[in-house]
Amino acid sequence: MGFQLDILVRENIKALQPYSSARDEFTSKNVEMIFLDANENPYDNGVNRYPDPQQKNIKSVLSTQKRIREEQILLGNGSDEVLDLLFRAFCEPNKDNIISLPPTYGMYKVLSGTNAIENREVLLTTEFQPDVAKVLTKVDKNTKLLFLCSPNNPTGNLLEKEKIKELLTNFKGLVVIDEAYIDFSGSESWINSLNDYPNLVVTQTLSKAYAMAGIRLGMCYASEDIINILKKIKPPYNINELTQQRALKGIENSKALIAQIASILEERKRLIKKLGEIFFVQKTYDSHANFILAKVDDAELRYNQLIERGIVIRNRTKQPLCSNTLRFTVGTPKENTFLIKALKAI
Ligand SMILES: *Cc1c(COP(=O)(O)O)cnc(C)c1O
């Protein structure tokens with residue numbers, strides 16, 4: 001049997017009439033209108049009006065850049081909001097379940113907890129790849145979402161294309177591919193495969209390569225049908241005016257970003273090499289992201305020693321398959337040089 005979106009949607013969401021905001025009902029016809037519909041203060045200060053609930057300007061630029069229709073884009077207050085909307089649209093509390101593949105991004109577990117959804121965890125292999133057969137044995141009729149993070153956080157590797165394809169083909173729920181780090185990977189985004197897989201959802205973010213973590217903007221790309229369901233439950237003004245303005249400026253001027261990303265990739269190479277020369281580093285993992293996972297002799301000790309030298313990294317030792325690992329975000333050349341010096345001094 002093929003993919004059926006209808007049976008995945010929660011009954012209450014199917015029946016839901018979305019909130020219709022004042023600005024939704026009226027579509028401008030290029031004439032100067034007087035807006036007396038939303039109880040705003042009429043005196044212009046740049047932010048006295050409600051923001052565009054459909055964020056048309058941002059979607060228009062993204063649509064061109066990503067070669068995808070605007071109807072296939074949903075924006076969230078960070079991709080974390082997008083992930084939460086997926087839970088709330090498709091997962092019935094205390095009944096449905098999702099599958100995640102640790103070691104991975106912590107929010108899938110947190111969101112399943114806050115939404116009262118069982119999180120079925122299937123460990124990645126020792127190569128940090130999905131164990132496809134094992135994942136499929138965990139699926140039942142209440143399994144609504146499967147989260148794949150590629151490049152994966154905190155391991156930094158890409159998940160193999162063939163494995164993802166197998167999962168997309170054999171799992172009849174939604175496969176959510178979290179591409180927060182895709183711009184560091186040199187690999188093609190799965191958004192180019194949206195037309196091949198009706199159950200594919202891709203999330204990206206402005207928080208990492210785009211250098212705008214502070215404004216909170218995440219993107220969701222999927223079929224128009226999936227996007228329309230998420231639009232029903234999206235808070236109408238979830239992307240504020242300042243964020244919309246700043247995001248537009250940031251994505252239109254990508255020249256500076258391209259140079260920054262190139263530098264980060266250069267520095268990633270340098271850091272991997274230098275980390276390999278440190279006596280307590282046993283192994284560094286190949287990275288397709290802007291961070292490096294390294295196995296050390298004693299993660300707790302080395303973490304604290306770096307703190308003493310004014311450097312904060314992430315201790316991932318408690319994650320499955322990650323005992324005694326540390327995660328280093330690639331900084332500026334100056335910051336990385338400082339880090340290398342500190343590591344050598346230890
Ligand atoms: C950082 C990160 C995000 C970003 O979330 P935002 O809410 O968009 O800032 C999403 N997924 C993964 C795997 C991340 O590491």
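Screening residues 255-297 for ring-ring contact (aromatic ring centres under 6.0 Å, His included), with sequence neighbours left out, gives F128-Y285, Y181-F291. Each salt bridge (charged side-chain N to carboxylate O under 4.0 Å, His left out) pair with one or both residues in residues 302-320, not counting sequence neighbours, appears once here: D297-R302. Contacts classified as ring-ring contact (aromatic ring centres under 6.0 Å, His included) and involving residues 317-346 (residues at least two apart or in different chains) are not found. For the ring-ring contact (aromatic ring centres under 6.0 Å, His included) condition, the pairs that include at least one residue of residues 139-170, sequence neighbours left out, are F87-F147, Y108-F147. Counting only residues at least two apart or in different chains, salt bridge (charged side-chain N to carboxylate O under 4.0 Å, His left out) contacts with residues 202-227 comprise R69-E224.
Taking D131 as the reference, nothing meets the side chain to side chain donor-acceptor pair (under 3.5 Å) condition, with sequence neighbours excluded. Applying the side chain to side chain donor-acceptor pair (under 3.5 Å) test to Q244 and every residue at least two apart in sequence or in another chain returns nothing. For E266, the side chain to side chain donor-acceptor pair (under 3.5 Å) criterion is met by no residue, not counting sequence neighbours. Shown here are the ring pair (Phe, Tyr, Trp, His ring centres under 6.0 Å) partners of Y210, two or more places apart in sequence or in another chain: there are none. Residues passing the side chain to side chain donor-acceptor pair (under 3.5 Å) test with Q55 are N238, sequence neighbours excluded.
Hydrophobic side-chain contacts under 4.5 Å tie L242 into a cluster, directly or through other members, with V47.
For the residue pair R270 and T337, a side-chain donor N or O sits within less than 3.5 Å of a side-chain acceptor on the partner. One side chain, T143 or D140, offers a donor N or O that lies under 3.5 Å from an acceptor on the other. With no hydrogens or angles considered, no side-chain donor-acceptor pair links N77 and N240 at under 3.5 Å.
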Please tabulate, for side-chain N and O atoms in residues 254-263, each donor-acceptor pair with protein atoms closer than 3.5 Å (sequence neighbours left out).
none

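The pair D52-K59 fails the salt-bridge criterion, with no side-chain N (NZ, NE, NH1 or NH2) lying under 4.0 Å from an Asp/Glu carboxylate O. Under the 4.0 Å criterion applied to side-chain N and carboxylate O atoms, K163 and E160 are assigned as salt-bridge partners.
The closest side-chain heavy-atom distance from Y303 to V312 is below 4.5 Å. The shortest side-chain heavy-atom distance between L111 and T114 falls under the 4.5 Å cut-off. The shortest side-chain heavy-atom distance between L230 and C220 falls under the 4.5 Å cut-off.
Counting heavy-atom neighbours within 6.0 Å of N41 CG, excluding the residue itself, gives a total above 12.
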From CA spacing to verdict: salt bridge (charged side-chain N to carboxylate O under 4.0 Å, His left out), E92, K144: CA-CA 9 Å; E92 193 63 34; K144 298 299 186 69; over 6 Å; no
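In plain terms, the two heavy atoms of F171 and V175 that are nearest each other are CD2-CG2, 3.8 Å.
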